[in-house]
Amino acid sequence: MNGKILKGSLIAFILIIFLVSSVSAETKTAGDTSSVQTLSKGGLTISYPSDWGYSKATSNYSIMSISKLDSIDAAGIGQVNINFEKKPIQGDFYTFVNSTYKSMPYDSSFSLVSSGESIIGDRQALEYVYTSKDNGVEREHKAVWFEKGGQAYVLLYSAPINQFESNLYVFDYILKDIQIT
């Protein structure tokens with residue numbers, strides 16, 4: 001009987017070890033932002049995971065751009081990136097932002113997935129999710145716009161379709177933690 005209790009205790013102990021190690025492995029998934037970098041520029045301060053870094057932007061309105069380090073090409077541009085832009089507003093903020101996407105239904109290389117209101121920090125924001133196709137590469141984009149001091153700011157996350165969801169946590173983390181000065 002003592003042998004059965006010992007054997008049962010040993011099995012229970014091994015099972016507990018297995019469960020603890022499984023839970024520990026789950027905490028080190030894509031949502032892990034325990035090692036972060038900070039970047040401050042153009043009135044924005046952001047924190048992002050250390051496997052991302054500063055990269056070149058392709059927009060003239062860009063304040064800063066960060067990319068997943070293993071996605072940066074030879075030209076210094078990230079294929080999985082978050083670009084931060086600031087544009088002067090002409091007229092009403094909502095009209096200005098919505099006009100950016102007005103021609104999308106007429107351009108077959110773009111497809112609007114969703115749009116609506118959002119909040120970034122303590123500010124009202126507009127959010128657009130859309131796909132694009134350029135040179136055979138299909139990408140998904142998520143843009144969040146807000147107004148500050150007569151300027152329209154947009155945080156634009158872009159990635160190839162097959163990498164969009166797995167890296168979206170970085171964009172969401174930045175939106176949650178961003179400081180606007």
Side-chain angles (χ1 to χ4, degrees), residues 18-59 61-87 97 100-101 104 110-134 137-148 152-181:
F18 175 74
L19 290 173
V20 168
S21 65
S22 295
V23 170
S24 296
E26 286 180 30
T27 61
K28 297 187 191 268
T29 61
D32 186 12
T33 53
S34 59
S35 178
V36 296
Q37 306 290 326
T38 301
L39 184 59
S40 185
K41 199 168 180 187
L44 303 177
T45 301
I46 62 163
S47 297
Y48 56 92
S50 59
D51 61 340
W52 285 60
Y54 202 74
S55 60
K56 289 184 181 178
T58 57
S59 168
Y61 295 102
S62 183
I63 304 169
M64 60 184 156
S65 183
I66 63 170
S67 299
K68 190 167 184 184
L69 292 175
D70 64 4
S71 80
I72 298 174
D73 63 21
I77 298 170
Q79 301 309 302
V80 177
N81 69 1
I82 303 171
N83 194 36
F84 303 82
E85 297 180 14
K86 179 169 72 170
K87 300 178 180 184
V97 173
T100 303
Y101 301 94
M104 202 173 271
F110 290 96
S111 179
L112 184 62
V113 174
S114 67
S115 64
E117 294 192 11
S118 183
I119 293 181
I120 181 169
D122 62 348
R123 298 172 188 273
Q124 289 291 104
L126 295 174
E127 179 179 293
Y128 287 84
V129 177
Y130 59 97
T131 59
S132 68
K133 196 170 202 174
D134 186 29
V137 177
E138 194 170 0
R139 301 176 62 79
E140 190 164 353
H141 312 270
K142 184 174 184 178
V144 177
W145 294 78
F146 67 94
E147 179 182 12
K148 177 187 167 247
Y153 287 77
V154 62
L155 285 62
L156 176 62
Y157 166 56
S158 298
I161 292 274
N162 64 344
Q163 297 178 48
F164 185 84
E165 286 297 324
S166 64
N167 292 289
L168 183 59
Y169 77 96
V170 175
F171 187 71
D172 292 341
Y173 177 77
I174 288 171
L175 287 177
K176 185 182 84 171
D177 193 57
I178 194 167
Q179 296 173 22
I180 305 165
T181 56

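Bear in mind that the values here come from a model prediction, so they are computed numbers and not experimental data.
Once rounded to the nearest 0.5 Å, the distance linking CG of Leu175 with NZ of Lys142 reads 6.5 Å. Note that CG of Asn81 is 9.5 Å distant from NE2 of His141, once rounded to the nearest 0.5 Å. Put simply, NZ on Lys68 and OG on Ser166 are 6.0 Å apart, with the number rounded to the nearest 0.5 Å. Here the OG1 atom belonging to Thr131 is positioned 5.5 Å from the CD atom belonging to Glu138, to the nearest 0.5 angstrom. Taken from CD in Gln163 to OG in Ser158, the straight-line distance is 12.0 Å, to the nearest 0.5 Å. Here CD1 of Ile72 is found 5.0 Å from OG of Ser55. Values are rounded to the nearest 0.5 Å.
Judged by distance alone, the side chain of Asp73 and the main-chain N or O of Ala75 form a donor-acceptor pair under 3.5 Å. At least one donor-acceptor pair under 3.5 Å links the side chain of Lys148 to the backbone N or O of Thr181.
Two residues are said to be in side-chain contact when any heavy atoms from C-beta on lie closer than 4.5 Å; Ile161 and Phe164 fail this criterion. Between Ile180 and Tyr153 there is no side-chain heavy-atom pair separated by less than 4.5 Å. The shortest distance between side-chain heavy atoms of Glu147 and Gln124 does not fall below 4.5 Å.
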>> Before you tell me yes or no, could you show the steps for Gln79 and Val137 under side chain to side chain contact (heavy atoms under 4.5 Å, CB included), namely the whole-Å CA-CA distance, both residues' side-chain angles and the distance that decides it to 0.1 Å?
In response: CA-CA 11 Å; Gln79 301 309 302; Val137 177; over 6 Å; no
> Given the rule in the side chain to side chain contact (heavy atoms under 4.5 Å, CB included) test, do Leu155 and Ile46 qualify, once you have shown the distances and angles that lead to the verdict?
Replying inline: CA-CA 11 Å; Leu155 285 62; Ile46 62 163; 5.7 Å; no
> So Phe146 and Ser118, side chain to side chain contact (heavy atoms under 4.5 Å, CB included) or not? Walk me through it.
Replying inline: CA-CA 9 Å; Phe146 67 94; Ser118 183; over 6 Å; no
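Other residues, nucleotides and ligands contribute only 12 or fewer heavy atoms inside 6.0 Å of the NZ atom of Lys56. Counting heavy atoms of neighbouring residues, nucleotides and ligands inside a 6.0 Å radius, atom OH of Tyr61 does not exceed 12 of them.
The nearest pair of heavy atoms linking Ile63 to Tyr54 is O-OH, 3.9 Å. Heavy atoms only, all atoms of each residue included: Phe84 and Ile66 are closest at CE1-CG1, 4.2 Å. Taking both residues in full, the closest heavy atoms of Ser50 and Leu69 are given as O-CD1, 3.6 Å, listed atom of the first, atom of the second, then distance. Considering all non-hydrogen atoms of both residues, Leu112 and Tyr130 come closest at CA-CB, 3.9 Å. Ser65 approaches Ala57 most closely through the heavy-atom pair CB-CB, 3.8 Å. Lys87 approaches Trp145 most closely through the heavy-atom pair NZ-CH2, 4.1 Å.
Between Tyr157 and Trp52, the ring-plane angle classifies as tilted under the 30° and 60° cut-offs.
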